[in-house]
Every structure is written in C-alpha cells, then in structure tokens.
Amino acid sequence: MSNKKIADLNYIFCSDDYLLQINLQYLNHNTYTDIITFDGSDASEEISGDIFISIDRVQENAMTLGTIPDTELLRVISHGLLHLIGYNDKSNKDKKVMRQKETEAIELFESI
C-alpha cells in the first residue's frame, strides 16, 4: 500500500457520545461519525497519528450495510490508516479509491 513506516499510531475506541464531543471540540461538526483521524506526522516517510473510532457507530453501520461488525471494524481501522497515508474521500472518485483500498486491506488481514 505504501512505503511509509508507522512511527506512532494510536487507535482510541470509544462511544458515539465521546466521539461527538471530539467532533464538536476539534472540527466544529455537530454530527455523529464512525471515525476521526488526527495526523501527527512530522516526516513524510513516517505515519503518526490518533484514530478515534466509535464502536457504537461501527455496530450500527454493520447492521445497515448487512455485514458483520468485525468486518466493518476492519474497514474503519484501515480507513483511518489510509487517511494518514494520504488517501482522501471528499470526491466520488476519491471515495471509490478509498473503498477499493479498504477492501484490499481487509482481504490482506483475512489472509493471515
């Protein structure tokens, strides 16, 4: 996926309410979300950051999407890391690439 090395990566699993407060405080968004990623990288070849994931939202998304929660969690975990690598999901084209990379990451994990 990338030649970057992980220097410091923190996953913080939390509730909807906790992540909503993070969203309000740091991004001024009054919405629930499944993930918020904060990039703390200093060097372009290293990955450093904090990835907050709402377990409540992951479980609800899994039900909505008709997938198992573990697979949805892998998708969200990889989504945050992909953001730190440099992938975006603002445009439809970017979203398509992001979904493809998420699927590749899930398949890689499941092949282990």
Side-chain angles (χ1 to χ4, degrees):
M1 284 189 172
S2 170
N3 291 329
K4 295 184 178 189
K5 304 266 189 247
I6 296 174
D8 183 32
L9 183 60
N10 300 297
Y11 283 95
I12 301 95
F13 299 96
C14 55
S15 68
D16 266 350
D17 291 334
Y18 186 83
L19 197 52
L20 177 61
Q21 291 306 310
I22 297 291
N23 213 2
L24 284 165
Q25 182 177 356
Y26 294 99
L27 303 176
N28 202 28
H29 296 159
N30 189 16
T31 57
Y32 288 107
T33 186
D34 53 359
I35 185 168
I36 296 176
T37 304
F38 293 102
D39 190 348
S41 301
D42 290 336
S44 62
E45 68 277 351
E46 290 187 341
I47 296 169
S48 179
D50 295 322
I51 299 173
F52 291 81
I53 296 174
S54 167
I55 295 300
D56 299 328
R57 197 79 355 234
V58 166
Q59 290 174 340
E60 186 171 313
N61 288 348
M63 287 177 51
T64 301
L65 297 170
T67 187
I68 60 173
D70 287 351
T71 301
E72 180 62 9
L73 182 59
L74 288 174
R75 185 191 67 76
V76 175
I77 287 171
S78 62
H79 185 90
L81 184 55
L82 287 165
H83 272 305
L84 293 176
I85 291 171
Y87 290 93
N88 293 306
D89 56 358
K90 297 294 183 197
S91 72
N92 286 336
K93 183 180 176 183
D94 288 344
K95 285 178 187 176
K96 185 176 180 180
V97 171
M98 179 72 88
R99 293 294 174 256
Q100 177 187 345
K101 294 297 182 183
E102 290 168 0
T103 299
E104 290 173 11
I106 291 168
E107 289 172 354
L108 181 63
F109 180 82
E110 290 175 342
S111 71
I112 298 174

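Along the sequence shown, residues are numbered consecutively beginning with 1.
- Scanning both residues, Leu19 and Cys14, for their nearest heavy atoms gives CB-SG, 4.0 Å.
- Between Phe38 and Tyr26, the distance from one ring center to the other falls under 6.0 angstrom.
- One distance of note links CD of Glu104 with CZ of Arg99; it measures 13.5 Å at 0.5 Å rounding.
- Using a 4.0 Å cut-off between a side-chain N of Lys or Arg and a carboxylate O of Asp or Glu, Asp70 and Arg75 do not qualify as a salt bridge.
- No side-chain donor-acceptor contact under 3.5 Å links Gln21 and Gln25.
- The shortest side-chain heavy-atom distance between Asp34 and Phe52 does not fall under the 4.5 Å cut-off.
- The side-chain contact (heavy atoms from CB on, under 4.5 Å) test applied to Asn92 returns Lys95, not counting sequence neighbours.
- Looking only at side-chain heavy atoms (C-beta outward), Lys5 and Ile47 stay at 4.5 Å or farther from each other.
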Please walk me through it: do Leu82 and Leu84 pass side-chain contact (heavy atoms from CB on, under 4.5 Å)?
CA-CA 5 Å; Leu82 287 165; Leu84 293 176; over 6 Å; no
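- The shortest distance between side-chain heavy atoms of Asp50 and Asp39 does not fall below 4.5 Å.
- In this structure, the separation between OG on Ser15 and CD1 on Ile55 is 10.0 Å, given to the nearest 0.5 Å.
- Expressed to the nearest 0.5 Å, how far CG of Asn30 lies from CG of Leu24 amounts to 5.0 Å.
- Looking only at side-chain heavy atoms (C-beta outward), Ile85 and Leu81 come within less than 4.5 Å of each other.
- For the atom pair OG1 (Thr103) and CG (Leu74), the distance works out to 11.5 Å, reported to the nearest 0.5 Å.
- Between the side chain of Thr64 and the main chain of Glu60, a donor-acceptor pair closer than 3.5 Å is present.
- Taking CZ of Arg57 as the reference point, atom OH of Tyr32 lies at 7.5 Å (rounded to 0.5 Å).
- The distance from atom CD1 of Ile51 to atom NE2 of His79, rounded to the nearest 0.5 Å, is 9.5 Å.
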For side-chain contact (heavy atoms from CB on, under 4.5 Å), just list the numbers for Phe13 and Leu73, CA-CA rounded to whole Å, side-chain angles, deciding distance to a tenth of an Å, and then say yes or no.
CA-CA 10 Å; Phe13 299 96; Leu73 182 59; 3.9 Å; yes
Check against side-chain contact (heavy atoms from CB on, under 4.5 Å), His29 and Ile36
CA-CA 11 Å; His29 296 159; Ile36 296 176; over 6 Å; no
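- Within the 4.5 Å cutoff, the side chain of Asp94 has no heavy atoms near those of the Tyr87 side chain.
- The existence of a salt bridge linking Lys4 and Glu45 is excluded, since no basic side-chain nitrogen approaches an acidic carboxylate oxygen closer than 4.0 Å.
- No side-chain heavy atom of Ser41 sits under 4.5 Å from any side-chain heavy atom of Glu46.
- Neither Phe109 nor Leu65 shares a network with the other; the hydrophobic side chains, linked directly or stepwise wherever heavy atoms of I, L, V, M, F, W or Y lie under 4.5 Å apart, form separate groups for each.
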